[in-house]
Amino acid sequence: MNSENQVRVRFAPSPTGYLHVGNVRTALFNWLWARHFNGSFILRIEDTDAERSKAQYEKQLMEDLRWLGLEWNEGVDCGGSYGPYRQSDRYEIYQKYAQQLLEEDKAFRCFCSEEELENHRRQRLASGETARYSGKCRHLSAAELDARLRSNTPFTLRLRVRPGTVGFSDLVFGRVEIETVQISDPVLLRSDGSPTYNFCCVIDDFLMKITHVIRGDGHLSNTHRQILIYEALSAPIPEFAHLSTILGPDGQKLSKRHGATSIEEFHRQGYLPEALANYLALLGWSSPNEGQEVMSLDEIAQQFDLSRIIKHPAIFDNVKLDWMNRTYIIKTNGNDLVDDAGEFFAEAGLVPAKLEPDVRSWLAQAIDLTKTHVDHLDQLPREAGIVYGFEKDPPELDADAREALGNPDGKAVAMEFMRLALEKESLSPESYREIVAQVKANTRQKGRNLFHPIRAALTGRGSGPDLERLIPLFETGSRLNLPRKVMSCRERLQAILGAELHELN
Ligand code: GLU
């Protein structure tokens with residue numbers, strides 16, 4: 001822990017592609033750990049790979065993190081006391097520390113050419129040994145060094161690795177120790193002077209006073225090298241927690257084959273950020289309250305503890321994610337869903353792109369009424385189809401509705417309902433109840449025999465949302481100027497029962 005005793009963690013993505021669930025789970029666990037202690041969450045951009053790093057990815061990853069609710073305390077856009085936070089803006093800092101290590105003889109210049117290193121590597125592999133640097137330039141004499149510098153021979157800067165063992169107690173994987181001879185003297189600066197990931201990472205984590213490094217287990221083997229660099233700098237060594245790779249249900253590394261993997265894709269498909277974040281938190285971590293799964297990020301942060309992270313890989317389960325999303329959709333008010341869901345309705349040509357207040361509030365009610373069976377928001381327009389007009393004229397009835405209207409008793413109920421309804425300007429839940437009572441008295445039908453034909457006559461379907469809530473949506477919707485027409489109750493009854501009406505007249 002640093003002198004202020006404050007937890008400081010960082011998420012350090014390389015902006016070389018879209019954020020996928022693995023990276024984001026790492027960001028989330030860092031954020032939760034910081035939140036748990038009221039500490040700081042730092043966003044550092046690791047763009048040392050100049051060719052593959054793109055400003056567009058940097059922008060998108062910040063949008064994705066914000067969308068999920070993972071705000072950072074320090075970073076490229078908001079600054080902080082330990083900036084700059086983009087590695088390409090920190091080259092002078094790396095050069096300064098490289099120079100210091102060289103002067104202290106903790107690092108040395110290696111003049112071996114690529115070709116030489118490659119030949120050596122091949123020889124070792126051929127004789128069944130692990131590939132390792134020969135150590136050839138570790139102990140050049142002053143004269144040898146001088147000659148190479150004079151002839152401008154290119155060199156890399158390597159850390160002079162000490163003998164013995166190096167290890168650390170990973171908060172997830174436990175004690176991991178190795179003999180340092182297994183490590184080649186790591187390169188700190190390449191021959192063009194550019195710093196390597198391991199070097200930048202240590203300098204940054206040191207200067208940014210990072211207390212816990214929480215990252216993917218792909219970096220476990222880098223950690224030994226990094227610890228040796230900390231030692232050389234006489235810098236405090238942070239705690240480490242490595243997270244296992246997330247696998248698909250088939251046990252293979254999660255990839256495109258398993259469906260959406262980038263956060264932006266999940267966003268586009270209508271997953272709610274709260275649901276996705278909640279689901280991701282359960283990939284490798286679980287609440288101490290057994291069985292508690294649906295939780296807000298703040299609740300999770302309160303309970304979050306690195307010691308509860310499992311070592312074996314978590315499986316990404318789309319079915320469970322859909323269940324989680326459905327749970328959040330059901331418990332979220334239509335007014336809070338309407339902005340995100342509105343985009344899908346607009347795409348389907350059901351509402352204008354810009355929602356005026358009256359359309360907005362009508363749509364929010366339509367969503368509330370039809371959202372119970374959707375897994376993600378992009379399925380809402382299909383479900384909400386019931387509130388719009390009929391696609392065909394005469395309307396196509398489902399089998400249940402045909403059955404309800406196809407027998408004389410059912411037809412009599414529907415016709416009586418229409419006769420009374422057409423006497424009114426429009427229907428309200430109250431007038432609907434009154435009319436139903438009259439139909440009941442006049443036809444002597446009740447229960448299903450009464451309600452089924454009425455539903456069929458208004459919706460063309462045998463089942464669906466509560467009619468008392470649908471009716472006001474039909475009526476108010478029909479007065480809105482929408483790209484696809486909503487039919488009033490009157491229009492619906494006439495469209496469905498129109499043929500019979502002619503017969504009656
Ligand atoms: N830029 C590295 C990555 O995206 C970060 C590794 C680390 O957290 O140290 O894998």
Side-chain angles (χ1 to χ4, degrees), residues 7-34 39-62 64-65 70 72 74-76 82 84-91 93-94 168 170-173 176 186-188 190 194-230 233 235-246 253-255 261-263 280 284 306 309:
V7 165
R8 291 177 55 82
V9 292
R10 85 306 194 273
F11 176 52
S14 303
T16 52
Y18 292 112
L19 273 193
H20 57 79
V21 287
N23 305 136
V24 163
R25 197 242 342 226
T26 301
L28 173 62
F29 281 17
N30 275 287
W31 183 91
L32 289 166
W33 191 238
S40 295
F41 174 56
I42 292 135
L43 177 63
R44 181 169 80 222
I45 301 292
E46 300 207 329
D47 60 346
T48 48
D49 185 341
E51 237 160 68
R52 290 174 56 230
S53 296
K54 301 251 163 6
Q56 145 213 1
Y57 293 134
E58 183 178 311
K59 185 167 164 269
Q60 184 67 45
L61 74 88
M62 292 203 271
D64 290 346
L65 291 175
L70 308 182
W72 46 97
E74 299 169 29
V76 278
Y82 302 91
Y85 293 92
R86 191 183 286 109
Q87 288 188 329
S88 55
D89 295 332
R90 299 174 61 81
Y91 277 14
I93 302 175
Y94 307 131
F168 61 101
D170 190 87
L171 294 170
V172 176
F173 282 81
V176 212
V187 174
L188 305 179
R190 299 184 190 91
S194 64
T196 57
Y197 156 70
N198 276 322
F199 187 48
C200 298
C201 179
V202 171
I203 299 290
D204 292 349
D205 286 342
F206 162 46
L207 295 178
M208 294 177 185
K209 293 196 162 64
I210 299 302
T211 56
H212 299 79
V213 171
I214 306 168
R215 63 184 169 197
D217 64 358
H219 292 288
L220 259 174
S221 62
N222 281 324
T223 309
H224 296 104
R225 293 180 176 80
Q226 295 184 2
I227 288 178
L228 292 167
I229 302 175
Y230 281 106
L233 292 164
I237 298 170
E239 301 267 16
F240 293 93
H242 286 89
L243 309 175
S244 292
T245 312
I246 299 171
K253 197 168 170 231
L254 194 66
S255 74
T261 53
S262 79
I263 297 312
L280 291 177
L306 292 175
I309 294 178

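Note: hydrogens, waters and symmetry copies are ignored here, and every other heavy atom, side chains too, is used. Ligands are counted one by one from 1 in listed order, and the atoms in each one are counted from 1 as well.
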> What residues, two or more places apart in sequence or in another chain, satisfy salt bridge (charged side-chain N to carboxylate O under 4.0 Å, His left out) together with Lys54?
Replying inline: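 Counting only residues at least two positions away or on another chain, Lys54 forms no salt bridge (charged side-chain N to carboxylate O under 4.0 Å, His left out).
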Is the ring centre of [X] less than 6.0 Å from the ring centre of [Y]?
X: Tyr197; Y: His219; value: yes
X: Tyr18; Y: Tyr57; value: yes
X: Phe168; Y: His224; value: yes

> Got a sec, which pairs hit salt bridge (charged side-chain N to carboxylate O under 4.0 Å, His left out) with one end in residues 21-32, sequence neighbours left out?
Replying inline: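 Every candidate salt bridge (charged side-chain N to carboxylate O under 4.0 Å, His left out) pair involving residues 21-32 fails, so no pair, neighbours aside, qualifies.
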Give every pair formed by an N or O atom of ligand 1 and a protein N or O atom closer than 3.5 Å, one pair per line with both atom names and the distance to 0.1 Å, or write none.
| from | atom 1 | to | atom 2 | distance (Å) |
| --- | --- | --- | --- | --- |
| ligand 1 | 1 (N) | Ala12 | O | 2.8 |
| ligand 1 | 1 (N) | Ser14 | OG | 3.0 |
| ligand 1 | 1 (N) | Glu46 | OE1 | 2.6 |
| ligand 1 | 8 (O) | Arg10 | NH1 | 2.7 |
| ligand 1 | 8 (O) | Arg10 | NH2 | 3.4 |
| ligand 1 | 9 (O) | Arg10 | NH2 | 2.8 |
| ligand 1 | 9 (O) | Tyr197 | OH | 2.6 |
| ligand 1 | 9 (O) | Arg215 | NH1 | 2.9 |
| ligand 1 | 10 (O) | His219 | NE2 | 2.8 |

> For Asp89, what residues pass the side chain to side chain donor-acceptor pair (under 3.5 Å) criterion, not counting sequence neighbours?
Replying inline: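 Partners of Asp89 under the side chain to side chain donor-acceptor pair (under 3.5 Å) test: Arg86.
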